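All remarks here apply to the structure that follows.
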Number of protein chains: 6
Amino acid sequence: MRPSGRDLGELRTISIETGVMSHAEGSCLIRMGHTHVLCTASIEEKPPSFLKGTGQGWVTAEYGMLPRATHTRNRREAAAGKQSGRTQEIQRLIGRSLRAGVDRLALGERQIVVDCDVMQADGGTRCAAITGGWVALRLAVNKLITARLVTSDPIMEHVAAVSCGLYAGQPVLDLDYAEDSAAGTDGNFVLTGGGKLVEVQMSAEGAAFSRDEMGRLLDLAEAGMQGLVAAQKAAIA
Amino acid sequence: MRPSGRDLGELRTISIETGVMSHAEGSCLIRMGHTHVLCTASIEEKPPSFLKGTGQGWVTAEYGMLPRATHTRNRREAAAGKQSGRTQEIQRLIGRSLRAGVDRLALGERQIVVDCDVMQADGGTRCAAITGGWVALRLAVNKLITARLVTSDPIMEHVAAVSCGLYAGQPVLDLDYAEDSAAGTDGNFVLTGGGKLVEVQMSAEGAAFSRDEMGRLLDLAEAGMQGLVAAQKAAIA
Amino acid sequence: MRPSGRDLGELRTISIETGVMSHAEGSCLIRMGHTHVLCTASIEEKPPSFLKGTGQGWVTAEYGMLPRATHTRNRREAAAGKQSGRTQEIQRLIGRSLRAGVDRLALGERQIVVDCDVMQADGGTRCAAITGGWVALRLAVNKLITARLVTSDPIMEHVAAVSCGLYAGQPVLDLDYAEDSAAGTDGNFVLTGGGKLVEVQMSAEGAAFSRDEMGRLLDLAEAGMQGLVAAQKAAIA
Amino acid sequence: MRPSGRDLGELRTISIETGVMSHAEGSCLIRMGHTHVLCTASIEEKPPSFLKGTGQGWVTAEYGMLPRATHTRNRREAAAGKQSGRTQEIQRLIGRSLRAGVDRLALGERQIVVDCDVMQADGGTRCAAITGGWVALRLAVNKLITARLVTSDPIMEHVAAVSCGLYAGQPVLDLDYAEDSAAGTDGNFVLTGGGKLVEVQMSAEGAAFSRDEMGRLLDLAEAGMQGLVAAQKAAIA
Amino acid sequence: MRPSGRDLGELRTISIETGVMSHAEGSCLIRMGHTHVLCTASIEEKPPSFLKGTGQGWVTAEYGMLPRATHTRNRREAAAGKQSGRTQEIQRLIGRSLRAGVDRLALGERQIVVDCDVMQADGGTRCAAITGGWVALRLAVNKLITARLVTSDPIMEHVAAVSCGLYAGQPVLDLDYAEDSAAGTDGNFVLTGGGKLVEVQMSAEGAAFSRDEMGRLLDLAEAGMQGLVAAQKAAIA
Amino acid sequence: MRPSGRDLGELRTISIETGVMSHAEGSCLIRMGHTHVLCTASIEEKPPSFLKGTGQGWVTAEYGMLPRATHTRNRREAAAGKQSGRTQEIQRLIGRSLRAGVDRLALGERQIVVDCDVMQADGGTRCAAITGGWVALRLAVNKLITARLVTSDPIMEHVAAVSCGLYAGQPVLDLDYAEDSAAGTDGNFVLTGGGKLVEVQMSAEGAAFSRDEMGRLLDLAEAGMQGLVAAQKAAIA
């Protein structure tokens, strides 16, 4: 019944290839089916100015998309002279999500910038960016640990994300573009490895949704987290 | 236990004064306690270009804040030369929320722009903007009906919003600034008059939250909707 | 003969309501008939960089207009990405006018930012902004005096403004929009409480004007100042 | 008593050299002492969109300054990415002033853009721009007449401008930079060849000024117009 | 003697992988050693407005670099709000170079946009972008031919580019970053498959260079073209 | 055969008038036929931040064009809000070229900004800017020497530039606009007084060019340098 032939609660094939960017402290290319996002984590020893003297660090994110990541070419944001509202909203979400899994005191007064650049888009790019961004962050923090620049691990737990939605009246996991553009209600769910919630963003694209429907999407998201965390673990092993 | 002395599930005093802007087709000043938002709805007979020839209309929103709506003065966005990511995120949310209650075919090929300008901020400005924006929209659409520019009512149902959060370990309704800045988890809930959900945006400011905690916040939001819709009804009566 | 039925030398009904913005050090809502401007004064303990070490302070102003302050909606300047030439010209005028009544040495090395936001426009918004801006400034400076942060009063005199113009061949005081858009010549006059001139800006919208006509407009402005200063005095009493 | 040794009511040496830009329909280099402004008038057969179908034309102006027109280098506005408030205010003044001398119906549906670029600044650049801009405009309109593109002369009268101010307590005509930066009150006066006023912009740089002082500055400006108009006449002869 | 151990006239290992972007009409990932550039060609059936009605088409290029393509993170141009002068210079060069190999009449009234995004930078990114951009363009044009949208092949010949420079006093081919940052004189040479020159850009980073030195760099470039064109041919075979 | 009647290897009439800008440390107006560029050099005692503490200085350039320097009016870049790619490319070229003739250690920790503003354009503006910019730079550096702010002359040699191209199949020197717009291949050649090359930028506007053709253009440029350097020497004598 799904365009891809997947079961309702089936994730797309996940692949997380690490070390793809030779200069970055941490990097990976995450593929959720045909959605491919390149994630890098860059350590900057200078924290943002509002944290100077607090002993705390920061994790922030930026999001971009290659002009031809999509069916038709999108205007390059650098040429347009500004980031769209959508881009800013997404990068704020990625940043908040990743910070939720980090002990900023343990990180110390430095900043890690996670860049998520969509190479190919087939729905769910912000979720893939969070799941892959966490891997890049983990790898970068590993370098801090190895170099003894931190004394305890600033990463407290896995953070990953997945979208769910009502497609043709059924709750489905990990929407691709065909489903996303036809979905009634959909949501992005960011969870920890321990199954707790970090961010929930649900939106009625058409008709409003019931609390029961929301619960069924959440069920799917929770179940789907197993696969995402397993893929993260395999990648950083 | 709450700084304001309110009960856990108690809304702030709501007041919605209509007709406050003499030029706008619809307008109101909504006060949720010390949060005051001026909402106007402007009818433009020309739809956005992507809807030309579709027979459908559009509702969009813009959000702003006076520089001294807050404790310390914020830089004016017009002087800064761009709207912040936060502003864009909020106005996109308001627009989506209001559209969820509108039959865009019944509206016809025109656009209604809802401007929400925060006069004074004490937490929950985006929710107040949605609740008040709906009233401004309702009043503007009434003019279309009176002028027989639409043949059936394009507004399908009430849309209103409220924030809830975990404050000092307890779920509380309609957070003010003191609570918001100290809250662990909080969320914005946009609902219809019929009690269905339009948008859910929850965020773990500190620790991740459980599904059970999410449910308790949702309970509060659903209960709080009664008061919001009642205030909307009184305002447009 | 005037659209409003006023006498040639009659001001519109003035109302200056103070303390309307709870966070600002000084604030008022000034209403000159249907022109309503919200003015706030914000004290910043840091002076602009060009005054560092001089012992002098600064007063500056910013001007804005709500999108639907006017008959048809204006594009929000924050969304347009810049302030118009008109906006910049007006806020420079307000700043210069208010500084003319201030002893900047007595103010000390701090800055007061006066924000003037037009809620509703019916002609004469820049003049109302100056008259109301002075009240907001006065109230903010009172706080400095009460807190003994200044040792002598930095405000030397009242500053207020009014427009005059030739309407249907007659000199009239305090033009509203209907008059303003039809006026041949008009001008904005900024005066001190003592009746001296601070700024004069006259412009021949159509035919050039004679020195005699200029004199008659100035007569009206001088006479009108009485009412403006009286309203300021009543407001700050 | 004046730094330049001029009499109180003496203009600087004026020179207006025409035809300095080979491509422009009209051009001149005006020198008011050490203030040099290059003025060109460019005819565009397309009127601004707001005049389409009205039968009326438009005259507009733009103002710029070479980075090293001044004692120390100013940042290039093109590099800064925007025109300053001062620039916009000045070019709006030039445009309004020149339009005051033009019959826009006789001009027909076309636009003339007058560019005023300051080569060297020694005070009074906006006044020189108006006086020289009128010459460029006159020459461009002559081409329209010669080419029989207009049937009656759209230029109704001379327009020129001069600054006056109180320097060391005395009213002086045509301030240079040394005087301008020390002047108490100063003003820019735009007049027609017939001696009527087009724009008056007076500003109390320090103490407020009396009506009598204003009158004495106006006297000087009126007297000074003779020399400016004579120079314009000589230039276009 | 070269940091990489290469001979003076030896190219880096070239790899051109095609079809890497599923949505683009033509795409490839070109690797010149550690410099990796992703190139896509997007066909737009609408030509730029200046070509409407001429029967001719256009080829243009845009260039970007991922923030962490380099040793330390570069600011994202979309976040900075503009493309740097370097970026604009490079994308203008790529566009001119590719157009030199295209018969724009045979292409017909359409536009092909070639996006070159640097994934990893180790010197020579603009040259790699031209060599790879040509492959993407070739593949996109093949689609036009297959779809019979063009009647004769608009691509007249191969276009490729390589840098040469004086490193440690010796002329070397295809500089990597270590050589580039130490080179005295270097240049970028764009040639056709037939060995003719399309663009030559030489720059004395330190001491000026002689015509003889220039000739020796040109010799290297001509020889190096064999390898580049062979790699292009292999890629599109 | 050339539109101007010049011989193939004949420069346009050159005139370099110095001291044209009274405020600048160095200035000249260079005229290459009908191309006129005003060049000023401004000394800033503060070096760019990336050179602080290195003992080295910097020379940079900015380029602009008056709106009516050309046949039809160009939009003012300050009004457009950004410098075009062409402008940035040209000013980067001017800066690199001038730096090639400067000993930056001898200059010491200061910056010289060379502004090149095109008054009238008839082809070859960037070359005229380099040739004239060098004169302005030379004059400014002379002031440093006179004031004993430098101990040895930071200017090592003359730098000048000229364009050459294939016009109607023949190599011609110093193209004017009529030739430039019709030329097949053209190039800009920056040379030192000693005849060495600083920058070579050649571009096939239509057909690709051979190495032999390139050599013939270079021959012309080398010969033409005599005249340019002679004019520079005469100007600074």
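These numbers come from the heavy atoms of this one structure, side chains and all, not from hydrogens, waters or symmetry mates. Proteins get letters first, then strands, A, B, ... in listed order; numbering begins at 1 in each. Here the structure is a predicted model, which is why all the values come from computation and not from measurement.
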- [ ] Locate the shortest heavy-atom distance separating Met119(A) from Met21(E); write the atom from each residue and the value.
- [x] O-CE, 3.1 Å
Task: Closest approach of Ala78(A) to Glu77(E) (non-hydrogen atoms, all atoms of both residues) - done: CB-CB, 3.7 Å
Task: Winner by heavy-atom pair count (cut-off under 4.5 Å) against chain A, out of His36(E), Glu25(E), Gln88(E), Gln91(E) - done: Glu25(E)
TODO: For the residue pair Asp122(A) and Ser22(E), establish whether any side-chain heavy-atom pair is separated by less than 4.5 Å.
DONE: no
Open item on the list: Counting only non-hydrogen atoms closer than 4.5 Å, does Ala80(A) touch chain E with its backbone (N, CA, C, O), its side chain (CB onward), both, or neither?
Closed with: neither
Task: Region of Gln83(A) that comes under 4.5 Å of a non-hydrogen atom in chain E - done: both
Task: His23(A) versus Ala69(E), closest heavy-atom pair with distance - done: CD2-O, 3.0 Å
- [ ] Identify which part of Glu44(A) has an atom lying under 4.5 Å from any heavy atom of chain E, answering side chain, backbone, both or neither.
- [x] side chain
Open item on the list: I need the residue from Lys82(A), His34(A), His71(A) with the largest number of non-hydrogen atom pairs under 4.5 Å to chain E.
Closed with: His71(A)
Task: Contact winner vs chain E - Leu38(A), Thr72(A), Thr40(A), Leu66(A), heavy-atom pairs under 4.5 Å - done: Leu66(A)
TODO: Examine whether an atom of Thr70(E) lies under 4.5 Å from a heavy atom of chain A, and if so say whether it belongs to the side chain, the backbone or both; otherwise answer neither.
DONE: backbone
TODO: Please report the shortest heavy-atom distance between Cys116(E) and Arg76(A), naming the atom on each side.
DONE: N-NH2, 4.3 Å
Task: Contacting moiety of Asp117(A), where chain E heavy atoms sit under 4.5 Å - done: side chain
- [ ] Take Glu62(E) and Arg68(A) through the salt bridge (Lys or Arg N to Asp or Glu O under 4.0 Å) test and state the conclusion after the steps.
- [x] CA-CA 12 Å; Glu62(E) 291 195 7; Arg68(A) 200 56 198 280; over 6 Å; no
